[in-house]
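So the structure is just underneath, and the comments pick up after that.
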Amino acid sequence: MTGLRDDALGLYLSIPFCRSKCTYCNFASGVYPASEHARYVDRVIQDLGAAGQWADQMGLELPRSVDTVYLGGGTPSLLAPELLDRLFAAMREQFAFDPDAEITVECAPAQLADSTLAALAASGVNRVSLGVQSFIDTEAHSSGRLHNRTIVAEDIRRLRAAGIANLNVDLIAGLAGQTFASWDESLKILVDSGVPHASVYMLEVDEDSRLGREMLSGGARYHAELVPSDDSIAQMYGRAIEMLAAAGLIQYEISNFCRPGFASRHNLRYWQRRPYLGLGLDASSMLHAVADEARASAPPYVLRSTTTDDLTAFLEGAQPVETAWLSAARQHEEAWFVGLRLNAGVKVAALKREFGPVMVAAAMEVVKRQVESGLLTSSGKTVRLTAEGQLLSNEVFQEFLGLEMETATAESKTEK
Ligand code: SF4
């Protein structure tokens with residue numbers, strides 16, 4: 001499932017433009033005039049050109065070989081073809097794309113012009129993620145989406161005709177007005193479409209979204225009163241796991257399902273903690289420090305940096321807002337909570353090799369408690385979330401935060 005290398009890079013570009021704002025969305029995205037698109041692309045291209053110098057200054061390895069590229073958003077397919085051409089040309093000028101690099105672009109159905117599709121295919125895009133969310137027209141419409149199921153089917157046909165057959169469809173369980181019957185229907189249409197990858201998210205309403213504000217303060221504009229209960233959403237999620245598995249789309253991560261060989265290689269980079277460079281609004285990077293003999297026996301330090309989520313500030317040249325070196329203890333915590341997202345689970349021996357037995361022993365105390373609570377299973381060699389644990393994953397991951405302190409306490413006790 002991997003094929004990913006630490007000496008190659010995943011490249012992420014955030015494109016924060018949308019044609020309309022979905023009711024549940026709290027991403028750093030919005031509706032902006034086309035003139036802002038061009039300024040934005042200029043700034044991202046500038047950052048692509050400056051990435052090498054920035055990495056040198058920070059003492060970071062910046063692999064020049066790229067094996068995954070992901071344009072997310074927002075709706076990257078809203079960029080004019082010439083802006084997409086410029087972005088891909090700038091990426092290829094700075095980095096060498098592997099011949100089999102996975103190159104994904106997020107597209108909104110009904111918002112993919114023929115000229116854009118031609119530009120994507122000509123730029124080497126070989127994977128498209130479609131933000132469908134529901135195949136039921138009333139649900140899609142009341143969430144602020146601009147498509148219907150006929151248009152989605154037509155977009156899938158056009159993408160395949162353009163040579164892009166590696167397709168993902170996103171669905172959300174818990175949209176306003178959704179019922180068990182309508183959810184089953186959406187899943188069935190997804191399966192019948194033959195796409196090799198699906199992402200299924202349980203609606204998490206954020207108070208910064210229009211739907212979230214309505215749920216807190218009342219109102220009927222965004223149909224907050226029709227949002228299914230948490231229990232119903234959990235049941236819908238379980239139903240998705242069953243129906244997709246029966247159709248050969250096997251769950252490999254909490255929210256992701258695929259036919260064999262079609263896992264999202266770019267997202268695996270995040271879950272396997274491999275280096276990536278994120279550019280654009282509200283994008284993160286994770287890069288290794290240049291090897292240092294003085295700490296050769298310790299895990300490589302990594303730097304996490306995040307850019308601003310304020311478009312005006314970004315266009316005016318704001319630099320990364322958060323930059324932090326992650327200690328080995330912090331990396332160890334992350335290894336647990338990103339590793340547990342994957343159905344393959346966390347391999348205990350690999351973590352012991354990377355972080356040493358003392359740190360991992362502190363984590364295994366957490367594992368023991370969570371196994372007793374029914375949220376994790378452990379064979380001693382591999383630790384995985386249970387079905388219940390997948391529903392309550394944030395609570396499980398929370399337990400692995402603060403291990404740094406527990407490890408320090410364990411070490412000081414050992415010293416006494
Ligand atoms: S298309 Fe995506 S980013 Fe844009 S408003 Fe909808 S959910 Fe948010």
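Just follow the structure's listing: the first ligand is 1, and inside any ligand the first atom is 1. Count residues from 1 along the sequence. Just so you know, these numbers use all the heavy atoms, side chains as well, and skip hydrogens, waters and symmetry mates.
Within ligand 1, the atoms closer than 4.0 Å to a non-hydrogen atom of Cys25 are 3 (S), 5 (S), 7 (S), 8 (Fe), numbered from 1 in the order shown. Interface atoms of ligand 1 facing Gly74, defined by a heavy-atom separation under 4.0 Å, are 3 (S). Within ligand 1, the atoms closer than 4.0 Å to a non-hydrogen atom of Ser29 are 3 (S), 4 (Fe), 8 (Fe), numbered from 1 in the order shown. Near Cys18, the atoms of ligand 1 lying under 4.0 angstrom from a non-hydrogen atom of the residue are 1 (S), 3 (S), 4 (Fe), 5 (S). Remark: ligand 1 atoms within the under-4.0 Å shell around heavy atoms of Thr75 are 1 (S). Taking every heavy atom of Ser20 and a limit of under 4.0 angstrom, the matching atoms of ligand 1 come to 5 (S).
Here Cys22 has heavy atoms under 4.0 Å from ligand 1 in both its backbone and its side chain.
In summary, the aromatic rings of Tyr252 and His197 are positioned with their centroids under 6.0 Å apart.
Looking at atom 1 (S) of ligand 1, its nearest protein heavy atom turns out to be Arg145 NH1, 3.3 Å.
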List the steps, then state whether side-chain hydrogen bond (donor to acceptor under 3.5 Å, both in side chains) holds for Tyr70 with Glu106. CA-CA 8 Å; Tyr70 198 106; Glu106 287 183 352; 2.9 Å; yes

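Judged by the shortest distance from any of its heavy atoms, Gly131 lies outside the 4.0 Å radius around the atoms of ligand 1. Under a 4.0 Å heavy-atom criterion, Gln133 is not in contact with ligand 1.
Although no hydrogens or angles enter the test, the distance criterion places no donor-acceptor pair under 3.5 Å between the side chain of Gln272 and the main chain of Arg274.
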